[in-house]
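Reading through the structure tokens given below for one structure.
Bear in mind the structure is a predicted one, so any value in this text is a computation, not a measurement.
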Amino acid sequence: MSEVRIRPVGIGTRLTLRCGCVLLDDAGTTVLVDPGHFSGHRAALDAALRATAGIGLDDIDIVFFTHLHFDHYDDLGYGPRTTVAVSARELEFFARFIAARDDGEGVEAFLAREYEHLAPVFRRQFVRLAHDRRYDFANASFAGRLRTVVPGEALTPNLRVIDLEGHAPGQIGLDCLTAHGRTAIAGDALLSLDDALAADVAHHLVYWRHDLLLAARESLAGHDCVVPGHGPWFEPRSARLIETTEGLLHG
Ligand SMILES: [Zn+2]
């Protein structure tokens, strides 16, 4: 595996529910991960990319979503050259979610049956978002450029899709070599360094399957660098935060 360049576009924070957003560059192919950080503000993301890397949102080759929770995923009107990569398994889950909305079971009953733990603040958002345009994938800005991916496949030659199912159904991440060593983009399998140091996940607001979430967290323990869902990057073995010296840091 050759080294992939990684830069923060937005550092995740807990209080504002902002997720971490990173820009990866694999030999000239640019991959933007979880731009939900910018919560609908396309111009702010475009400005952050220009400040970080001198490119605009329309120059991005691949937008990759670790999972489709509303704080990570948004349709920001991606340009004609941009492919949008989403977990095949999670997309199937959303098809069932929308079917439950339309065919009688109802969104609330579906969520209660599917999620092992869903705090009221998240449940209310999920119910509301069942009717949000961003989950109408057939009419998304990227409808013709949607790429479904599965764990084990190469997103680009040096970026491997990994299975992090548990927090969300079908959740995925990315595994690569960077200047920080073996690096994982963890989505919400790990929320932060504090979360990684916690013995259990009782403080989590949402998880789909408890046992799978614990297994996903375990699988990240050997990496040199973890980009968590909602906090600064860290080194799991030493429990040290990693200083990110480039990019536009905010939060
Ligand atoms: Zn999430």
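Between Arg237 and Gly222 the shortest heavy-atom distance is NH1-O, 2.6 Å. Heavy-atom minimum distance, Ile172 versus Pro151: CG2-CG, 4.2 Å. Considering every non-hydrogen atom in both Ala143 and Ala138, the closest pair reads CB-O, 3.4 Å. In plain terms, the two heavy atoms of Cys21 and Leu32 that are nearest each other are SG-CD1, 3.8 Å. Gly56 and Asp46 make their closest contact through CA-OD1, 3.3 Å (heavy atoms, listed as atom of the first residue, atom of the second, distance). Here the closest non-hydrogen pair linking Ala189 and Leu213 is O-CD1, 3.8 Å.
Between Arg96 and Glu114 there is a salt bridge, since a side-chain N of the basic residue sits under 4.0 Å from a carboxylate O of the acidic one. By the 4.0 Å N-to-carboxylate-O rule, Arg42 lies close enough to Asp58 to be salt-bridged with it. The pair Arg134-Asp132 meets the salt-bridge criterion, with a side-chain N (NZ, NE, NH1 or NH2) lying under 4.0 Å from an Asp/Glu carboxylate O. Under 4.0 Å is where a charged nitrogen must lie from a carboxylate oxygen, and between Asp175 and Arg182 at least one such pair does. Checked for salt-bridge contact, Asp71 and Arg18 miss the test: no charged N lies under 4.0 Å from a carboxylate O. Look at Glu165 and Arg89 and you find a salt bridge, because one of the NZ, NE, NH1 or NH2 atoms lies within 4.0 Å of a carboxylate O, short of that distance. Contact check on Arg113 versus Glu108 returns no salt bridge, with no Lys/Arg side-chain nitrogen under 4.0 Å from an Asp/Glu carboxylate oxygen.
Criterion: ILVMFWY side-chain heavy atoms under 4.5 Å apart, direct or through other members. Under it, Phe64 and Val226 are not part of a common hydrophobic cluster. Neither Leu191 nor Leu214 shares a network with the other; the hydrophobic side chains, linked directly or stepwise wherever heavy atoms of I, L, V, M, F, W or Y lie under 4.5 Å apart, form separate groups for each. No path of Ile, Leu, Val, Met, Phe, Trp and Tyr side chains, each step under 4.5 Å between heavy atoms, connects Leu164 with Leu205, placing them in separate hydrophobic clusters. Linking ILVMFWY residues whenever their side-chain heavy atoms come closer than 4.5 Å, directly or via other members, places Phe137 and Phe126 in the same cluster. Val201 is not connected to Leu212 by any chain of hydrophobic side-chain contacts under 4.5 Å among Ile, Leu, Val, Met, Phe, Trp and Tyr, and they are in different clusters.
Distance alone, capped at 3.5 Å, is enough to place a donor-acceptor pair between the Asp75 side chain and the Gly77 backbone. The backbone N or O of Leu68 sits less than 3.5 Å from a side-chain atom of Glu90, completing a donor-acceptor pair. Proximity of a side-chain donor or acceptor of Thr52 to a complementary backbone N or O of Leu49 within less than 3.5 Å is not detected. Judged by distance alone, with hydrogens and angles left aside, the side-chain atoms of Asp34 form a donor-acceptor pair with the main-chain N or O of Thr66 at under 3.5 Å. Counting only distance, with no hydrogens or angles, the side chain of Gln171 and the backbone of Ala186 share a donor-acceptor pair below 3.5 Å. Distance alone, capped at 3.5 Å, places no donor-acceptor pair between the Ser219 side chain and the Arg217 backbone. Thr82 contributes a side-chain N or O that, together with a main-chain N or O of Ile60, makes up a donor-acceptor pair within less than 3.5 Å. Between the Arg50 side chain and the Leu57 main chain, no donor and acceptor come within less than 3.5 Å of each other.
Counting heavy atoms from C-beta on, the side chains of Arg101 and His131 come closer than 4.5 Å. Between Val9 and Phe38 there is a side-chain heavy-atom pair separated by less than 4.5 Å. Between Val22 and Ile185 there is a side-chain heavy-atom pair separated by less than 4.5 Å. When side chains are defined from C-beta on, Leu190 counts as touching Phe234, because their heavy atoms get closer than 4.5 Å. Contact check for Leu193 versus Pro232: no side-chain heavy atoms found under the 4.5 Å cut-off. At least one side-chain heavy atom of Leu146 sits under 4.5 Å from a side-chain heavy atom of Leu91.
The line from CD1 of Ile242 to CD1 of Ile6 is 9.0 Å long, rounded to the nearest 0.5 Å. A distance of 8.0 Å separates SG in Cys19 from NE2 in His67, rounded to the nearest 0.5 Å. Annotation: the span from Asn158 atom CG to Asp25 atom CG amounts to 11.0 Å, rounded to 0.5 Å. Leu174 CG to Thr183 OG1: the interatomic distance, rounded to the nearest 0.5 Å, is 11.0 Å. Summarising the geometry, atom CZ belonging to Arg160 is positioned 10.5 Å from atom CG belonging to Leu177; distances are rounded to the nearest 0.5 Å.
Here His180 and Trp233 bring their ring centres to under 6.0 angstrom of each other. Here His72 and His167 keep their ring centres 6.0 angstrom or further from each other. Ring centroid separation for the pair Phe97 and Phe110 comes in under the 6.0 Å cut-off. A distance below 6.0 Å separates the ring centres of Tyr135 and Tyr73. Remark: aromatic rings of Tyr207 and His117 are close, center separation under 6.0 Å.
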- Start with the C-alpha gap between Leu24 and Asp26, add the side-chain angles, then the distance that decides, and say whether side chain to side chain contact (heavy atoms under 4.5 Å, CB included) holds. CA-CA 6 Å; Leu24 302 165; Asp26 183 4; over 6 Å; no
- Evaluation steps, side chain to side chain contact (heavy atoms under 4.5 Å, CB included), between Leu23 and Arg5: CA-CA 8 Å; Leu23 178 66; Arg5 187 171 188 191; over 6 Å; no
- Task: Begin with the C-alpha distance, continue with both residues' side-chain angles, and end with the deciding distance and a verdict on side chain to side chain contact (heavy atoms under 4.5 Å, CB included) for Ile62 and Thr30.
- Result: CA-CA 6 Å; Ile62 302 172; Thr30 50; over 6 Å; no
- Query: How far apart are the C-alpha atoms of His210 and Asp200, what are their side-chain angles, what is the distance that settles it, and do they pass the side-chain hydrogen bond (donor to acceptor under 3.5 Å, both in side chains) test?
  - Reply: CA-CA 10 Å; His210 183 262; Asp200 196 6; 3.2 Å; yes
- Test Tyr115 against Phe122 for ring-ring contact (aromatic ring centres under 6.0 Å, His included), laying out the working first. CA-CA 11 Å; Tyr115 272 90; Phe122 262 79; 8.8 Å; no
- Task: Start with the C-alpha gap between Leu111 and Val127, add the side-chain angles, then the distance that decides, and say whether side chain to side chain contact (heavy atoms under 4.5 Å, CB included) holds.
- Result: CA-CA 8 Å; Leu111 291 171; Val127 168; 4.0 Å; yes
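For the 3.5 Å distance criterion, the side chains of Asp195 and His204 qualify, holding a donor opposite an acceptor.
By the neighbour-count criterion of 12 heavy atoms within 6.0 Å, atom CZ of Arg81 is densely surrounded, having more than that number from other residues, nucleotides or ligands.
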